[in-house]
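One structure below.
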Amino acid sequence: MELDRSLSGLWQVLCDAFAELVAPTRCGGCDRQGELFCERCRAGLVAAYDPTRACPRCGAPHGALVCTECAQAEFTFSQTLVLGVLDGALANAVVIMKDSGEERLATELGALLAARIAGHWSGWADAVAYVPVTDAARRRRGFDQGRRIAGAVAARLQLPRGHFLKRPHSTDLRMLNREQRQAEVAVSFQPGPDLPKMSHYPQVLLIDDVFTTGATAEVCSQMLIGAGATEIRVACLARTM
């Protein structure tokens with residue numbers, strides 16, 4: 001059995017080396033060969049988005065004092081933290097992750113998000129939840145990017161990741177406003193197998209890929225609070241402008 005595992009590991013190394021030779025790893029942000037998300041693109045994220053100037057409620061990049069994005073909104077979740085705005089290298093990476101099925105980028109970006117969370121909310125959370133993709137999207141992409149991002153965050157922060165929510169179906173939300181989005185997503189989510197355990201995790205970190213109006217995070221937060229959580233904070237890869 002040990003020999004079989006050794007041979008299996010060697011075969012995987014050889015397969016990975018061959019794949020790298022045929023299709024070298026390129027940066028999801030700028031397409032430069034070498035890394036999944038290169039140092040230049042990482043530096044660009046830091047320069048383009050300052051969490052201390054952002055709105056603490058919705059993550060809008062310039063709303064620390066007065067936020068016009070969420071001034072009229074009522075949220076169940078208490079705070080939002082994002083990696084950057086949905087533009088440039090980060091936008092490219094998110095598109096490649098979702099539309100090209102680049103699962104490794106979800107882990108890479110999740111680790112970057114985890115570092116940001118550790119820098120601002122260190123020691124706060126009891127568990128990590130995530131906004132799941134629909135069954136159709138998971139079949140199309142071959143993975144659930146929300147689960148993969150949350151896995152990277154949970155591993156870095158040494159927290160349990162729960163399957164608290166399910167999303168069997170959904171409609172295209174891109175052309176809808178906040179109220180329309182909330183009405184649509186309200187019927188899209190169902191309890192996941194771990195939701196009955198929610199009362200054991202009072203402070204929950206909810207992970208998603210993109211924050212637009214907050215409607216999806218709001219519906220998910222309502223379900224988590226209703227199941228026994230006491231506070232929800234949202235962390236996303238990107239915030240739309």
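Because the structure is predicted, anything quoted here is derived from the model rather than measured.
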*Is it true that Ile207 and Ile225 fall in one hydrophobic cluster, defined by side-chain heavy atoms closer than 4.5 Å?*
no
Taking every heavy atom of Arg116 against every heavy atom of Gly84, the minimum-distance pair comes out as NH1-N, 4.4 Å
Would you say that Val133 contacts Lys98 through its side chain, given a criterion of any heavy-atom pair below 4.5 Å between the two side chains?
no
Tightest non-hydrogen contact, residues Ala64 and Thr52, listed as CB-O, 3.7 Å
Any side-chain heavy atom of Leu206 sitting closer than 4.5 Å to one from Val131?
yes
One should read off an interatomic distance between Leu224 CG and Thr76 OG1, to the nearest 0.5 angstrom, of 10.0 Å
To the nearest 0.5 Å, atom SG of Cys58 lies from atom CD of Gln79 at 12.0 Å
Taken to the nearest 0.5 Å, the spacing of Leu109 CG from Leu83 CG works out to 7.0 Å
Checklist line | Cys55 vs Glu69 side-chain heavy atoms within contact, under 4.5 Å | finding: no
Taking C-beta and beyond as the side chain, do Phe189 and Cys220 meet within less than 4.5 Å on heavy atoms?
yes
Okay, side chain of Asn92, backbone of Gly29: is any donor-acceptor separation there less than 3.5 Å?
yes
So ring-ring contact (aromatic ring centres under 6.0 Å, His included) across residues 142-163, not counting sequence neighbours, yields none
- Query: For Leu195 and Lys166, what are the C-alpha separation, side-chain angles and deciding distance, and is it a side-chain contact (heavy atoms from CB on, under 4.5 Å)?
  - Reply: CA-CA 10 Å; Leu195 195 63; Lys166 295 194 301 184; over 6 Å; no
Check your understanding: Would a hydrophobic clustering, with Ile, Leu, Val, Met, Phe, Trp and Tyr connected at side-chain separations under 4.5 Å, put Val85 with Leu112?
Key -> no
Can you confirm whether Leu113 sits close enough to Val82 that some side-chain heavy atom of one is under 4.5 Å from a side-chain heavy atom of the other? no
Closest heavy-atom pair, Asp144 versus Gly146, reported as atoms and distance to 0.1 Å, is OD1-N, 2.9 Å
For the pair Thr230 (side chain) and Pro202 (backbone), establish whether a donor and an acceptor sit closer than 3.5 Å, ignoring hydrogens and angles.
yes
Are Val128 and Ile232 linked, directly or through intermediate hydrophobic residues, by side-chain heavy-atom contacts shorter than 4.5 Å (ILVMFWY only)?
no
When rounded to the nearest 0.5 Å, the distance separating SG of Cys41 from CG of Asp31 is 10.0 Å
Using side-chain heavy atoms (C-beta onward) and a distance below 4.5 Å, is Val210 in contact with Thr240?
yes
Here the salt bridge (Lys or Arg N to Asp or Glu O under 4.0 Å) pairs for residues 56-65, sequence neighbours left out, are none
Margin query: I'd like to know whether NE2 of His62 has more than 12 heavy-atom contacts from other residues, nucleotides or ligands below 6.0 angstrom.
Written below: no
Show your reasoning for whether side-chain contact (heavy atoms from CB on, under 4.5 Å) applies to Leu90 and Leu45.
CA-CA 7 Å; Leu90 183 56; Leu45 282 180; 3.7 Å; yes
Rounded to the nearest 0.5 Å, the CZ atom of Arg141 sits from the OG atom of Ser100 at a distance of 10.5 Å
So salt bridge (Lys or Arg N to Asp or Glu O under 4.0 Å) across residues 145-164, not counting sequence neighbours, yields Glu103-Arg148
Value for CZ (Arg26) from CD (Gln33), rounded to nearest 0.5 Å, stands at 5.0 Å
Tell me whether Gln203 contacts the main-chain N or O of Trp124 through its side chain, where contact means a donor paired with an acceptor under 3.5 Å. yes
**Request:** Could you walk me through whether Arg233 and Ser78 pass side-chain contact (heavy atoms from CB on, under 4.5 Å), step by step?
**Result:** CA-CA 6 Å; Arg233 294 185 185 180; Ser78 61; 3.5 Å; yes
*asked:* Measuring only between side-chain heavy atoms, which start at C-beta, is Thr80 closer than 4.5 Å to Arg239?
replied: no
*asked:* Please determine whether a side-chain nitrogen of the Lys or Arg among Arg42 and Glu108 lies less than 4.0 Å from a carboxylate oxygen of the Asp or Glu.
replied: yes
Hydrophobic clusters here meaning ILVMFWY residues chained together by side-chain heavy-atom distances under 4.5 Å, can you tell me if Val153 and Phe211 are in one?
no
**Asked** Are the side chains of Tyr130 and Ile149 in touch, meaning some heavy atoms are under 4.5 Å apart?
**Response** no
Q.
Starting from Val204, can I reach Val234 by hopping between I/L/V/M/F/W/Y residues whose side chains sit under 4.5 Å apart?
A. yes
What one should report as the nearest heavy-atom pair of Thr25 and Leu36 is CG2-N, 3.7 Å
Nearest heavy-atom contact between Phe77 and Ala217 is CE2-CB, 3.8 Å
For Trp121 and Leu81 the tightest heavy-atom approach is CH2-CB, 3.5 Å
